[in-house]
K.L.:
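My questions will all concern the structure given below.
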Amino acid sequence: MEQENLMTLQNSSSFPETEKSQIHGIRGSLDLVESDRDDQSVVQEGNLPEKSFSEIIEPRLVLDSPKVETIALLEESSLAIIDPPSWKNELIPKIREPRLLNDSPWVRSPVPLEMKVQVSGWKFPVPIVETLPKPILNPKDSPDEEAVISDKELPDVSIPSNKIKTRIRPRPASDTVLFKDRLLYLLQPPLDHLFGDKQIAVPFKPFPYQLEGIAFLMPRHGALLADEMGLGKTAQAILSMRLLFHSGMISSALIICPKPLVFNWVREIQLWAPDLPFEFFQGDLEERRRTWFVSNCPMKIINYEMITRDAELLSDPRIGVDLVVLDEAQRIKNRTSKTAQIVCSLKRSRSWAITGTPIENRPEDLINLFAFIDPGKVPEGTPLKQIGTLTKDHILRRTKEMVQNDMPPKLIHDIPIELSPDQKISYELAEKEGVIRLNALGDTITVQHVFQLVMRLKQICNFDPVTGASSKLEQLVADMEEVSENQRKAIVFSQWVEPLEMIDKALKPFGPLQFHGKIPQLERIKILDQFKSDPSKHVILMSYGTGSVGLNLQFCDYVFLFDRWWNPAIEDQAINRAHRIGQKNPVTVIRFVVHNSIEQRIANILEAKRKLFQEVLEQAGSPASIGLSENEIFSLFDIQARPHKIAA
């Protein structure tokens, strides 16, 4: 009955072809069911012939029994296969890459931002082998054999004790009381092992005294590195910061330096720490604001002038660093200056100061420096004898004579100069009229009035204001002829730009180059490169203010001080542009001093100040003089008038 109904439905013309094919599929299924029933009845009756299993199964589809009616399926019929639902548009994940701060204008360093940390395992020291005397054997014990002891079995005792290599390790400050802090540095590998075995890549191995400087800086939260100019203070500070970054002791550092030295720090960081990313502040206020608040660069460089302009930004509590490094730290010797107040207000964990002249004029300069290095360590008004006791564990100072016995010598010659007739007339007239004018001021006279006369007389010692005659220039031209013939290079320093421009005209045969405040900042690097590479350029003319700091001119063998500066430390800085690490030849320093003039009197005062500098820093006792006092300034001339002092 069911089959008849299906046949009726199949023949109906109202069904589409697809539905007909489905009906054929149903009919085929019913046929298979009927054939299964028949096979079961045959097996039960025992009439199944002996056939294989495959032969038993196959007849289900081709049985000839009249009871089974087979209906062939249409060729076009098939079972419908329905795919699962799918999205119209293919799902493609999109990943937006956030912009990292490694593009301009934030990071201006060619080095990668990744920091590679290298770890060295702790190595126990090799036990000392005591040297034992050779045993004397009793001939009776071994009459037939001669006792022979090989020299290879005994240590070599011929090496002098002073040649034995000592390990250099970080030295914690004496006020470090926590055991874990002292143990931390005790377990560090020796510095000479790190750099000597090239575990930390450096262009060349640091000198032993530089490793001692690194060992001094690393464990100290407050430190003053006061090495003499030319001993590589910048390299020591950079390597110390590099080790602290790698060990995870600090994660951010701010370097503050004079504007002309920014590019010098950039070059030194690229040389000594190429794996440390850095950037320097520049641009307008908005660009600097991004550098302060948005940039995550670990090391930043800013000059003193710019940090003064950003005083309002620095009051934000979000600004804080682990380490602040002050280069040429004598810039904050005046505690009341705006620069000193801003620098001391920075939020920081460590404070390092770098300067070759921690005392420029008076011992109070050192006290003011420690207001930044370790606030409260040296209170104002501390007696001079106690300054050294309070600061000795936080100051490290070495001179060239102390650390470089094999370094070429520095030969200083004071050349007395006699004024030309024209200069002598102008000088005597200016001094006479100046003294009369100062005495006429009475008790209204000030130190500034005396300085004006001093500057006037010093300029006459350089050039006559009427004729332009100069005895110094004649001597300089004669000396430069010898420098040029020997294919050497020289530096000439002066306090003013105008004398340098006049000297430039007289030294044209020697290829002079000028380097002073009138030269744009970007052109100065090109001038230095030309002076170094061009063999026809034998002399460079520099002002003290521009050329006395941050320059490496160790390829120069001669330094001329055309006129003298008030501060001996500034003169030393100028001289040490040539007499520094890397110099292979002796450096000859020629200082022109006009005999029986204001220059001679100033030179005597400079020597007294130089003595003060050494006494305070080397703990030789209480200084005999504290610098250039008011009475000493007035004593430069025969002045009867004195300032009126109000009684307390």
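Computation of the quantities below employed the complete heavy-atom set of this structure, encompassing side-chain atoms and omitting hydrogens, waters and symmetry-equivalent molecules. In this text the structure is predicted, and so the values were computed from the model without any measurement.
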K.L.:
Starting from the C-alpha separation in whole Å, work towards a yes-or-no answer on salt bridge (charged side-chain N to carboxylate O under 4.0 Å, His left out) for Arg331 and Glu305.
P.N.:
CA-CA 11 Å; Arg331 293 285 294 268; Glu305 293 77 12; 3.0 Å; yes
K.L.:
Determine whether a donor-acceptor pair (N or O, by modelled atom type, separation under 3.5 Å) exists between the side chain of His516 and the backbone of Ser543.
P.N.:
no
K.L.:
CD of Glu268 to CG of Asn552: how many Å apart, nearest 0.5 Å?
P.N.:
6.0 Å
K.L.:
Roughly how far, to the nearest 0.5 Å, is CG of Leu231 from CG of Asn576?
P.N.:
8.0 Å
K.L.:
Could you check Phe562, Phe560, Tyr544 and say which one makes a ring-ring contact (aromatic ring centres under 6.0 Å, His included) with Phe493?
P.N.:
Tyr544
K.L.:
So, for Thr308 and Tyr304, which heavy atoms are closest and what is the spacing to 0.1 Å?
P.N.:
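Minimum heavy-atom separation between Thr308 and Tyr304: OG1-O, 2.8 Å.
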K.L.:
Quick check for you: to the nearest 0.5 Å, what is the distance between Trp272 atom CH2 and Arg242 atom CZ?
P.N.:
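Spacing of CH2 (Trp272) from CZ (Arg242) equals 10.0 Å.
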K.L.:
With side chain to side chain contact (heavy atoms under 4.5 Å, CB included) as the criterion, how do Ile302 and Trp292 come out once you've worked through the C-alpha distance, each side chain's angles and the decisive distance to 0.1 Å?
P.N.:
CA-CA 11 Å; Ile302 191 171; Trp292 281 116; 3.8 Å; yes
K.L.:
Going from CD on Glu364 to CG on Asn334, what distance comes out if it is rounded to the nearest 0.5 angstrom?
P.N.:
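Interatomic distance, Glu364 CD to Asn334 CG, rounded to 0.5 Å: 11.5 Å.
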K.L.:
With side chain to side chain contact (heavy atoms under 4.5 Å, CB included) as the test, would you mind laying out the steps for Leu314 and Ile307 before giving the verdict?
P.N.:
CA-CA 8 Å; Leu314 297 177; Ile307 198 172; 3.6 Å; yes
K.L.:
A side-chain contact here means heavy atoms from C-beta on lying under 4.5 Å apart; do Ile412 and Arg591 qualify?
P.N.:
yes
K.L.:
Around Lys259, counting heavy atoms of other residues, nucleotides and ligands shown, do more than 12 lie under 6.0 Å from its NZ?
P.N.:
no
K.L.:
Side-chain contact, heavy-atom cut-off 4.5 Å: Leu396 with Tyr209?
P.N.:
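No, every pair of side-chain atoms sits at 4.5 Å or beyond.
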K.L.:
Nearest heavy-atom pair of Phe216 and Asp393: which atoms, and what distance?
P.N.:
CE1-O, 3.8 Å
K.L.:
Please confirm whether the backbone N or O of Thr446 pairs with a side-chain atom of His449, one donor and one acceptor, at under 3.5 Å?
P.N.:
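Between the backbone of Thr446 and the side chain of His449 there is a qualifying donor-acceptor contact (under 3.5 Å).
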K.L.:
Testing the basics here: between Ala578 and Cys556, what is the closest heavy-atom pair and its distance to 0.1 Å?
P.N.:
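Closest approach of Ala578 to Cys556, heavy atoms only: CB-O, 3.5 Å.
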K.L.:
Under a 4.5 Å cut-off applied to non-hydrogen side-chain atoms, are Leu553 and Met542 in contact?
P.N.:
yes
K.L.:
Under the criterion side chain to side chain contact (heavy atoms under 4.5 Å, CB included), I'd like the reasoning laid out for Ile238 against Leu276: C-alpha separation, chi angles, the key distance, then a yes or no.
P.N.:
CA-CA 10 Å; Ile238 292 174; Leu276 287 184; 5.6 Å; no
K.L.:
Hey, is CD on Gln521 packed in by over 12 heavy atoms from elsewhere, all under 6.0 Å?
P.N.:
yes
K.L.:
May I have the step-by-step check of salt bridge (charged side-chain N to carboxylate O under 4.0 Å, His left out) for Asp327 and Lys233, ending in yes or no?
P.N.:
CA-CA 9 Å; Asp327 190 14; Lys233 295 188 296 295; over 6 Å; no
K.L.:
Short question: side chain of Glu523, backbone of Pro520 - any donor-acceptor pair under 3.5 Å?
P.N.:
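No, because the side chain of Glu523 does not come within donor-acceptor range (under 3.5 Å) of the backbone of Pro520.
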K.L.:
Only one of Leu244, Leu243, Leu323 passes side-chain contact (heavy atoms from CB on, under 4.5 Å) with Met249; say which it is.
P.N.:
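The residue from Leu244, Leu243, Leu323 that satisfies side-chain contact (heavy atoms from CB on, under 4.5 Å) with Met249 turns out to be Leu244.
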K.L.:
Give me the one residue out of Arg335, Gln330, Glu380 that meets side-chain hydrogen bond (donor to acceptor under 3.5 Å, both in side chains) with Asn368.
P.N.:
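Single side-chain hydrogen bond (donor to acceptor under 3.5 Å, both in side chains) partner of Asn368 among Arg335, Gln330, Glu380: Arg335.
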K.L.:
Any heavy-atom pair between the side chains of Thr391 and Leu224 that's under 4.5 Å?
P.N.:
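Not in contact.
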K.L.:
Do Asp316 and Phe293 have side chains that approach each other closer than 4.5 Å (heavy atoms only, starting at C-beta)?
P.N.:
yes
K.L.:
Determine whether a donor-acceptor pair (N or O, by modelled atom type, separation under 3.5 Å) exists between the side chain of Arg288 and the backbone of Gly283.
P.N.:
yes
K.L.:
Output, in order, the C-alpha distance, side-chain angles, deciding distance and verdict of side chain to side chain contact (heavy atoms under 4.5 Å, CB included) for His394 and Val378.
P.N.:
CA-CA 12 Å; His394 297 271; Val378 186; over 6 Å; no
K.L.:
Does any non-hydrogen side-chain atom of Phe280 lie less than 4.5 Å from one of Asn303?
P.N.:
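A side-chain contact is absent here, since even the closest heavy-atom pair is not under 4.5 Å.
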K.L.:
Whether the side chain of Arg524 engages the backbone of Ile519 through a donor-acceptor N/O pair (distance < 3.5 Å, no angle test) should be reported.
P.N.:
yes
K.L.:
Looking only at non-hydrogen atoms, find the nearest pair between Trp352 and Leu217 and report the distance.
P.N.:
CZ2-O, 3.1 Å
K.L.:
Taking the side chain from Asp322 and the backbone from Ser349, do they hold a donor-acceptor pair closer than 3.5 Å?
P.N.:
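Looks like no, no N/O pair under 3.5 Å.
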K.L.:
To the nearest 0.5 Å, what is the distance between CD1 (Ile570) and CG (Leu561)?
P.N.:
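Taking CD1 in Ile570 and CG in Leu561, the distance rounds to 12.0 Å.
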K.L.:
When you compare the side chain of Val321 with that of Leu346, does any pair of heavy atoms fall below 4.5 Å?
P.N.:
no
K.L.:
Between the side chains of Thr291 and Glu279, is a donor N or O closer than 3.5 angstrom to an acceptor N or O?
P.N.:
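Glu279 and Thr291 do not have a side-chain donor-acceptor pair below 3.5 Å.
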K.L.:
At what distance, to the nearest 0.5 angstrom, does CG of Leu285 lie from CG of Leu313?
P.N.:
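These two atoms lie 5.5 Å from each other.
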K.L.:
Can you tell me if Glu571 uses its side chain to pair, donor with acceptor, with the backbone of Arg564 under 3.5 Å?
P.N.:
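No, the answer is negative, given that no donor and acceptor are paired below the 3.5 Å cut-off.
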K.L.:
Under 4.5 Å between any side-chain heavy atoms of Ile540 and Leu528, yes or no?
P.N.:
yes
K.L.:
Got a donor-acceptor contact below 3.5 angstrom from the Gln583 side chain to the Gln554 backbone?
P.N.:
yes
K.L.:
Under the salt bridge (Lys or Arg N to Asp or Glu O under 4.0 Å) test against Asp227, which residue among Arg397, Arg398, Arg580 passes?
P.N.:
Arg398
K.L.:
For Ala329 and Leu369, work out which heavy atoms get closest and say how close.
P.N.:
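Shortest heavy-atom separation between Ala329 and Leu369 comes out as O-CD2, 3.1 Å.
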K.L.:
Are any side-chain N or O atoms of Arg350 and backbone N or O atoms of Met218, one a donor and one an acceptor, separated by less than 3.5 Å?
P.N.:
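Yes.
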K.L.:
What closest approach, in Å, do Pro206 and Leu239 show between heavy atoms, and which atom pair accounts for it?
P.N.:
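Closest heavy-atom pair between Pro206 and Leu239: CG-CD1, 3.9 Å.
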